[in-house]
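Since the structure is predicted, the reported quantities are computational estimates derived from the model, not experimental observations. Just so it is clear: chains get the letters A, B, ... in the order the sequence lines come, proteins before strands, and each one is counted from 1.
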Protein chains: 2
Amino acid sequence: MRETKQRTAILEFLRSKRQHCSASEVYDAVRVKIPNISLGTVYRNLGNLLEKGEIISVETSDKCVYYDGFTSSHAHFVCSECKNIFDFPLTLDAHKEIDDMGFLVENERVVYYGKCANCNKK
Amino acid sequence: MRETKQRTAILEFLRSKRQHCSASEVYDAVRVKIPNISLGTVYRNLGNLLEKGEIISVETSDKCVYYDGFTSSHAHFVCSECKNIFDFPLTLDAHKEIDDMGFLVENERVVYYGKCANCNKK
DNA sequence: TCCTTATCAGTAATAGTTCCTATTATTATT
DNA sequence: AATAATAATAGGAACTATTACTGATAAGGA
């Protein structure tokens, strides 16, 4: 994989941002630096970075994928009202049961859907 | 909500099937009974049934939504070797921490990636 | 039976994502 | 530094899951 300014910019942006971003948000942000970057390039590189494990992704109910530059594993909470995504630490022994059965968990994806504290109050 | 043979057939199919199905799989299956059912009708009724809580949905990484007539939620384990998908019960108090913060968890999706007991032995 | 209107079939439109191709830029080699 | 080989790019067309629209149909109450 060659190093290109496009991919570097995408990764840098995702790492600098503390929120999860959709592909088009990444596109808009990176376009400030590289005005003629293509949306296809954004998608291709998000795919590459995902495969290399440099970023992670979350699927929400609004049918578009969100990307996250923070790879240390954590659970996601997607609010159905305000559409914000919150991070939570993973409960450490969540898959103890599975381990005990001889399964090897290499990666885990935990997403909660519901209403965040703010929206739930209303 | 009126009772229609279309919605009944969709729900019956999802309950009879032990796997998660995409909208078009539901469409194909129900078309055996009701040849001229429309795909739009399938989507509309899947939406209705979801809203009523009669079925649940899971978003996977392959960008289409899967529907399940078994509403009790469970975790999935995807084996990277044999590609089988295993069901596990969810740890009950997994999101206690989140509840305590005033968040309302309406749905959760837990997917583990790794090697199943069989493939791990080798 | 008749009326109201939710639901339907069929189809067009939408939107996120992927694919295609000529061009550009990176990396290794001379 | 110049060259060659080719991975990655820009731009746009194509693809596909889903939603929206419209006139026709049928469920269910009066």
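Following rounding to the nearest Å, B:L49 (CG) and C:dT7 (C1') show an atom-to-atom distance of 13 Å. A:E25 places its CD atom 16 Å from the P atom of C:dA15, with the value rounded to the nearest Å. Taking atom CZ on B:R44 and atom C1' on C:dT5, their separation rounds to 14 Å, with Å as the unit. Regarding B:Y27, its OH atom lies at a distance of 14 Å from the P atom of C:dC8, rounded to whole Å. Look at OH on B:Y67: it is 12 Å from P on D:dA17, rounded to the nearest Å. Protein atom CG of B:N45 is 9 Å distant from nucleotide atom P of C:dA9, rounded to whole Å. In this structure, CG of B:N48 is placed 9 Å from C1' of C:dT7, rounded to the nearest angstrom. What separates OH of A:Y43 from P of D:dG12 is a distance of 17 Å, to the nearest Å.
Remark: the backbone N or O of A:R2 is paired with a side-chain donor or acceptor of A:R7 at under 3.5 angstrom.
Residues meeting the side-chain hydrogen bond (donor to acceptor under 3.5 Å, both in side chains) test with A:D100, sequence neighbours left out: A:K96. Residues that satisfy the side-chain hydrogen bond (donor to acceptor under 3.5 Å, both in side chains) test with A:D99, not counting sequence neighbours, are A:H95. For B:F88, the side chain to side chain contact (heavy atoms under 4.5 Å, CB included) partners two or more places apart in sequence, or in a different chain, are A:I98, A:M101, A:F103, B:A75, B:F77, B:F86.
For the contact set between residues 29-42 of chain B and DNA chain C, defined by any heavy atom under 4.0 Å, the members are B:N36, B:I37, B:S38, B:T41.
Using a 4.5 Å cut-off between side-chain heavy atoms of Ile, Leu, Val, Met, Phe, Trp and Tyr, with links allowed through other members, A:Y113 and B:L104 fall into different hydrophobic clusters. Clustering ILVMFWY residues whenever any of their side-chain heavy atoms sit less than 4.5 angstrom apart, transitively, puts A:I34 in the very cluster that holds A:Y43. When hydrophobic clusters are built by joining Ile, Leu, Val, Met, Phe, Trp and Tyr residues whose side-chain heavy atoms come closer than 4.5 Å, directly or via intermediates, A:I56 is not grouped with A:V105. A single hydrophobic cluster is not seen to contain both B:F70 and B:Y66; linkage of ILVMFWY side chains at heavy-atom distances under 4.5 Å, directly or through other members, places them apart.
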Determine, step by step, whether A:V26 and A:N45 satisfy the side chain to side chain contact (heavy atoms under 4.5 Å, CB included) criterion, reporting the C-alpha distance in whole Å, the side-chain angles of both residues, the deciding distance to 0.1 Å, and the verdict.
-> CA-CA 11 Å; A:V26 174; A:N45 280 312; over 6 Å; no
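Annotation: the span from B:H20 atom NE2 to B:I55 atom CD1 amounts to 11.0 Å, rounded to 0.5 Å.
Axis angle, first five pairs versus last five pairs of the helix from C:dT1-D:dA30 to C:dT30-D:dA1: 40°, rounded to 10°.
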How does each nucleotide of nucleotides 23-30 of chain C score, in 5' to 3' order, for protein heavy atoms under 4.0 Å: base (B), sugar-phosphate only (S), or none (-)?
-> --BBS---
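Ion pair A:K17/A:E25 not flagged as a salt bridge, since none of the NZ, NE, NH1 or NH2 atoms sits closer than 4.0 Å to an Asp/Glu carboxylate oxygen.
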